[in-house]
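A quick write-up on the structure given underneath.
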Amino acid sequence: MARLVMKFGGTSVADIERIRHVANRVKREVDDGHQVAVVVSAMAGTTDNLVNLARQASAMHDAREYDVVVSAGEQISAGLLALALQNLDVPARSWLGWQIPVSTSAVHGSARILDIDGSLLEERLGEGQVAVIAGFQGLAPDNRIATLGRGGSDTSAVALAAAIGADRCDIFTDVEGVFTTDPRIVAQARKLDKITYEEMLEMASQGAKVLQTRSVELAMVHNVRVQVLSSFEDKPGTLVCDEGEIVEQEVVSGIAYSKDEAKITLTRVADRPGVAASIFGSLADANVNVDMIVQNISEDGAATDITFTVGRGDLERTAKILTDVRDGIAYAQLVTDSNVAKVSVIGVGMRSHAGVAQRMFSALAEKGINIQVISTSEIKVSVLIAAEYTELAVRALHTAYGLDAA
Ligand code: ASP
Ligand code: MG
């Protein structure tokens, strides 16, 4: 007997027919003798609608009331799934965040889970009851409903799995698993059987939208084995797990890309201590996330250019902040470019293999793609290129690292 958390995303519970299908899928695990806690998202499109309604009611909305509105979708799907399970003679009960309770931080709209008391749930699971839990929501210290940020029900599921010591957390979604790259771009992309937490984290933060990044962080910290699989097809998906569980590790596991980047260059910035601190300090104070950074040594010892990237949505704000602090930093020009994309090759195997970056640069050179900025970590090499070459670059790299399906 195992204890499982099964999480179903919005498309998996999009209508009553699909909810029935989910109920049957859950019943199978129950019939096999497993204890099952299910976490559901809102029915597809519901949360978007609720967000819009809240915005229409009040543009500058009170985040606590926003949370009351947008958390409602999960209440509906949890109740409906509990009903559908009961209809199959599976004992089931719905649970809202406050009933468990799932305790969160005070930041309404993007709260973090601080603690889940699993004792009530575990009692019911022990009695053979299926718990159907509304994802995305919890209870803030002000005793009011809080939501976890868009896509947050993945995080609900992983946190719950950690809290009740589940053997696995299955995330059912509309894709078959985690692929070596976006199958819409590369037809030969392969589904990975296993991927490490670290790699998944890089893939998720580099634009692969399969799992919310925070859920992967949480899974890594608590060692929760997470399987991503299709709720429409009956086959194994991708297991996100510890490196030790992966016998044959590829050097590179995947290629990710993101078109949500913008590049900023400050020219002729003074080459003296404290300049970078004041540039990036002013951005950090404004909560602007800076990603890649390059600074060259100055030829004359006096001034140099600094180039860095921010999220495209932050570009205007960033430019304004830097214009405001121009006197203090004393740069010559501020040049922005949002026609860029970041392409990354990811793999824990590159820790122990040389020449990974070199292969990337050659493959891009062969296609005549210019590299604007490079950044590396232990398990990732990223380059910034002109946006129109994204697809070409991803395909070339997928082939260059031998990832194409036979
Ligand atoms: N329903 C929420 C959203 O659409 C949470 C989730 O689906 O993960 O963001
Ligand atoms: Mg989701």
Side-chain angles (χ1 to χ4, degrees), residues 5-15 18-19 21-22 37-56 61 63-82 94-98 100 102 104-105 107-113 116 131-140 145-163 169-175 178 200-201 203-205 207-219 224 226-232 237 240 260 313:
V5 171
M6 303 171 80
K7 185 256 167 180
F8 294 89
T11 48
S12 310
V13 294
D15 53 38
R18 287 191 180 170
I19 290 176
H21 177 77
V22 167
V38 187
V39 173
V40 286
S41 289
M43 298 164 82
T46 302
T47 310
D48 287 340
N49 286 339
L50 295 172
V51 169
N52 275 331
L53 287 173
R55 286 208 182 113
Q56 283 173 43
H61 45 241
R64 284 163 297 187
E65 299 309 333
Y66 167 89
D67 276 348
V68 170
V69 176
V70 304
S71 62
E74 274 72 11
Q75 173 163 348
I76 297 172
S77 43
L80 290 174
L81 181 57
S94 66
W95 295 80
L96 300 180
W98 61 269
I100 295 175
V102 175
T104 73
S105 66
V107 189
H108 283 275
S110 57
R112 291 184 156 265
I113 295 178
I116 295 182
V132 185
I133 295 142
F136 184 49
Q137 55 171 261
L139 191 63
I145 297 173
T147 62
L148 308 178
R150 297 306 305 272
S153 52
D154 292 338
T155 301
S156 304
V158 172
L160 183 79
C169 178
D170 284 344
I171 309 264
F172 290 85
T173 176
D174 49 6
V175 294
V178 181
M200 191 61 222
L201 206 50
M203 297 278 256
S205 60
K209 299 259 179 322
V210 216
L211 288 176
Q212 199 200 31
T213 310
R214 267 167 54 201
S215 69
V216 185
E217 284 168 5
L218 207 60
V224 177
V226 174
Q227 182 183 203
V228 179
L229 70 172
S230 164
S231 60
F232 305 109
V240 188
D260 297 329

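Not measured: the values here are computed from a predicted model. Whatever order the structure lists ligands and atoms in, that order sets their numbers, starting from 1.
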Close N or O approach ([X], ligand 1; < 3.5 Å):
X    : value
G151 : yes
S153 : yes
D154 : no

Under 4.0 Å from a heavy atom of S41: give me the atoms of ligand 1 that qualify, with their elements.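 Matching atoms, with element in brackets: 6 (C), 7 (O), 8 (O).
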Where ligand 1 meets R150 - atom numbers and elements under 4.0 angstrom, heavy-atom basis: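 Those of ligand 1 that fall under 4.0 Å from R150 are 3 (C), 4 (O), 9 (O).
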Sub-4.0 Å heavy-atom contact, G73 with ligand 1: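 Distance cut 4.0 Å: G73 fails for ligand 1.
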Look at atom 5 (C) of ligand 1 and find which of E74, Q137, K7 reaches it with the closest heavy atom.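 The residue whose heavy atom sits nearest atom 5 (C) of ligand 1 is E74.
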More than 12 heavy atoms of other residues, nucleotides or ligands under 6.0 Å from CD of Q75: is that the case?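 It does not: Q75 CD has 12 such atoms or fewer within range.
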Does CZ belonging to R55 count more than 12 external heavy atoms closer than 6.0 Å?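 Not buried by this count: 12 neighbours or fewer within 6.0 Å.
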Got a sec, which residues hit side chain to side chain donor-acceptor pair (under 3.5 Å) with Q212, two or more places apart in sequence or on another chain?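 Q212 satisfies side chain to side chain donor-acceptor pair (under 3.5 Å) with T155 only.
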Please report the shortest heavy-atom distance between A157 and I171, naming the atom on each side.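 Closest pair (atom of A157, atom of I171, distance): CB-CD1, 4.3 Å.
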Check: H108 side chain, A140 main-chain N or O, donor-acceptor pair, under 3.5 Å: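 Side chain of H108 to backbone of A140, a donor-acceptor pair under 3.5 Å: no, none is there.
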Give me each pair satisfying salt bridge (Lys or Arg N to Asp or Glu O under 4.0 Å) with a member in residues 67-76, each pair once, sequence neighbours excluded.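 Residue pairs passing salt bridge (Lys or Arg N to Asp or Glu O under 4.0 Å), neighbours aside: none found.
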